[in-house]
Amino acid sequence: MIWPFKSRKIETRSSSAVGYTTQLLQARAAYISGTEGLAEMTATVQSCVSLWEQGFSLADVDGTDILSPLHLALIGRSLALRGEALFWIGPDGLVPASDWDISTKLSRPTAYRLGLPDVGGGTTRTALAAEVIHFRIGCEMGTPYVGSPPLRRAGLTAGLLQHVEAALSDIYRDAPIGSQVIPYPESPETDLNALARAFRGYRGKVQVRESVNVASVGGPAPVTDWKANDLTPNLEQAMTKESLDAARDGINMAFGVLPGLTNPATTGPMVREAQRHLAQWCLQPIANQMAFELSKKLDADISLNVMRPAQAYDAGGRARALVAMVNAMAQAKEAGVDLGPALNQMDWD
């Protein structure tokens, strides 16, 4: 073939992860990979992601006003689903990055090529590490500059949850639930079709059909043949409920949510304990890492507190402890006993 253009120019594609071409490639890759990774779409995962998102949006930020509740919610959702959240420090505040390339030296980021989302197509920008705030969790020793979400670290459990829910969805969509096979003496096909259509719309009612037309040799069919046979699949033997509950509890624990929170028989104290566990053992350590990154990049003393606004503690127990402490201090003052060492050991401050 003759090249239709005068000069032969090699067409190059942008290597950044923004733009229409990249979106098509990502969609094609998702199509080729099939149904893997769809656990993120399940209600269990989205509930855990919502807890992270709303928990971070409530955080108290001291030392800067650059982080709004919207930024905190974006950080929580991105960390839960991607394991990383990256913002460019722009002249008007923080700008979230949808994708990025990174350059490192001695395992420390030195420069970024950012993809900044925008209406009508994103833009790319190159920035130094000091201009970028990079939050990440679940880092490996080999790649300390790359984060990983909880689902990637619990791939087997996430796959089980996705497969069980997909199987149940297919069963409820395709299986003949509630269908029955009713034996009937041999009759023309038209009569059988008319009889089958006659049962439609009689849900909850009883229809009696009698037939004495027997065309087969040997007389009428035995009485036992007239018993209807149910075609509903027996899901109890497949232990789908147990598998689904186990996978759901495993995903909850991977996100730092106690499984008792989703138990139908849960109580108020259990809900408070689950909130305390999520805030104290999962969100607050991540908030401390975020505060360290913000303090280093913004050159300020910044702190984030998730526990206080979420009220992730037993208010009644704290009140009783306070009353007991006040009474003990009053008695110690009357007796002339110094409570300083005891208060230090109890972390009263």
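Numbers here simply count residues along the sequence, with the first being 1.
Between Trp52 and Cys282, the closest heavy-atom pair is CZ2-SG, 3.3 Å. When every heavy atom of Gly76 is checked against every heavy atom of Phe56, the shortest pair comes out as CA-CD1, 3.5 Å. Scanning all heavy atoms of the two residues, the minimum distance from Pro150 to Ala254 falls at CB-O, 3.6 Å. Considering every non-hydrogen atom in both Ser107 and Pro109, the closest pair reads O-CD, 4.0 Å. Among all heavy-atom pairs drawn from Ile177 and Ile171, the shortest one is CD1-O, 4.1 Å. In terms of heavy atoms, Val257 sits closest to Cys48 at CG2-SG, 4.2 Å.
Ser68 meets the side-chain hydrogen bond (donor to acceptor under 3.5 Å, both in side chains) test with His71; sequence neighbours excluded. By the salt bridge (Lys or Arg N to Asp or Glu O under 4.0 Å) test, Asp170 pairs with Arg173, sequence neighbours left out. The side-chain hydrogen bond (donor to acceptor under 3.5 Å, both in side chains) check on Asp301 picks up nothing, with sequence neighbours excluded. Residues passing the side-chain hydrogen bond (donor to acceptor under 3.5 Å, both in side chains) test with Asp118: none are found, sequence neighbours excluded. Remark: Glu189 engages Leu192, Asn193 in a side-chain contact (heavy atoms from CB on, under 4.5 Å) (not counting sequence neighbours). Thr262 pairs by the side-chain contact (heavy atoms from CB on, under 4.5 Å) definition with Arg248, Asp249, Asn252, not counting sequence neighbours. With sequence neighbours excluded, the residues satisfying side-chain contact (heavy atoms from CB on, under 4.5 Å) with Thr126 are Arg113.
Rounded to the nearest 0.5 Å, atoms CD1 (Ile302) and OG1 (Thr64) are 4.5 Å apart. Interatomic distance, OG1 of Thr42 versus CG of Leu161, reported as 4.5 Å (0.5 Å rounding). Within the model, atoms CG of Leu278 and CE of Met307 stand 10.0 Å from one another, a figure rounded to the nearest 0.5 Å. Remark: Glu140 CD to Arg153 CZ distance equals 8.5 Å, nearest 0.5 Å. Arg136 contributes atom CZ, which lies 13.0 Å from atom CE of Met290 (distance to the nearest 0.5 angstrom). For the atom pair CG (Leu72) and OG (Ser57), the distance works out to 7.0 Å, reported to the nearest 0.5 Å.
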Is there a side-chain contact (heavy atoms from CB on, under 4.5 Å) between Trp281 and Leu258 once you walk through the steps?
-> CA-CA 11 Å; Trp281 290 101; Leu258 291 181; over 6 Å; no

Next item on the list: Evaluate the criterion side-chain contact (heavy atoms from CB on, under 4.5 Å) for residue pair Ile75 and Leu67; output intermediate values, then yes/no.
Entry: CA-CA 10 Å; Ile75 293 172; Leu67 280 178; 4.2 Å; yes

After noting the C-alpha distance and the side-chain angles of Phe255 and Leu151, does the key distance pass the side-chain contact (heavy atoms from CB on, under 4.5 Å) rule? CA-CA 8 Å; Phe255 279 96; Leu151 283 185; 4.0 Å; yes

Problem - Chi angles and distances behind the side-chain contact (heavy atoms from CB on, under 4.5 Å) call for Val323, Arg320 - result: CA-CA 5 Å; Val323 172; Arg320 290 188 295 270; 5.7 Å; no

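Leu58 belongs to no hydrophobic cluster with other residues, because no ILVMFWY side-chain heavy atom falls under 4.5 Å from its own, directly or through intermediates.
Among pairs with a residue in residues 55-76, those fulfilling salt bridge (Lys or Arg N to Asp or Glu O under 4.0 Å) read Asp60-Arg308, at least two apart in sequence or across chains. Every pair tested for salt bridge (Lys or Arg N to Asp or Glu O under 4.0 Å) that includes a residue from residues 256-267 fails, sequence neighbours excluded, so the list is empty.
Each of Val45 and Leu156 belongs to its own hydrophobic cluster when Ile, Leu, Val, Met, Phe, Trp and Tyr are linked at side-chain heavy-atom distances under 4.5 angstrom. Leu51 and Leu70 fall within a single hydrophobic cluster, where Ile, Leu, Val, Met, Phe, Trp and Tyr are joined by side-chain heavy atoms under 4.5 Å apart, directly or via other members. No chain of hydrophobic side-chain contacts below 4.5 Å, direct or via other Ile, Leu, Val, Met, Phe, Trp or Tyr residues, connects Val271 to Met253. Linking Ile, Leu, Val, Met, Phe, Trp and Tyr whenever their side-chain heavy atoms come within less than 4.5 Å leaves Phe292 and Val132 in two separate clusters.
Within the 3.5 Å criterion, the main-chain N or O of Glu165 finds no donor-acceptor partner in the side chain of Ser169. Side chain of Lys333 to backbone of Ala328: no donor-acceptor contact under 3.5 angstrom is found. With Ser148 contributing its side chain and Cys139 its backbone, the two residues share no donor-acceptor pair below 3.5 Å. Distance alone, capped at 3.5 Å, is enough to place a donor-acceptor pair between the Thr110 side chain and the Ser103 backbone. A distance-only check finds a donor-acceptor pair linking the side chain of Gln284 to the backbone of Val306 [under 3.5 Å]. A donor-acceptor contact shorter than 3.5 Å links the side chain of His277 to the backbone of Gly256.
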Solution key, residues 236-247 side-chain donor-acceptor pairs under 3.5 Å, sequence neighbours excluded:
{"residue": "Lys241", "atom": "NZ", "partner": "Asp245", "partner atom": "OD2", "Å": "3.0"}
{"residue": "Ser243", "atom": "OG", "partner": "Met239", "partner atom": "O", "Å": "2.9"}

Under 3.5 Å, which donor-acceptor pairs link side chains of residues 79-94 to any protein atom two or more places apart or in another chain?
{"residue": "Arg82", "atom": "NH1", "partner": "Ser98", "partner atom": "O", "Å": "2.8"}
{"residue": "Arg82", "atom": "NH2", "partner": "Asp99", "partner atom": "OD1", "Å": "3.4"}
{"residue": "Glu84", "atom": "OE2", "partner": "His134", "partner atom": "NE2", "Å": "2.9"}

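With 3.5 Å as the limit, one finds no donor-acceptor pair spanning the side chains of Gln331 and Asn327.
Between Tyr145 and Arg108, every side-chain heavy-atom pair lies at or beyond the 4.5 Å cut-off. No side-chain heavy atom of Leu261 sits under 4.5 Å from any side-chain heavy atom of Thr266. Looking only at side-chain heavy atoms (C-beta outward), Leu304 and Asn288 stay at 4.5 Å or farther from each other.
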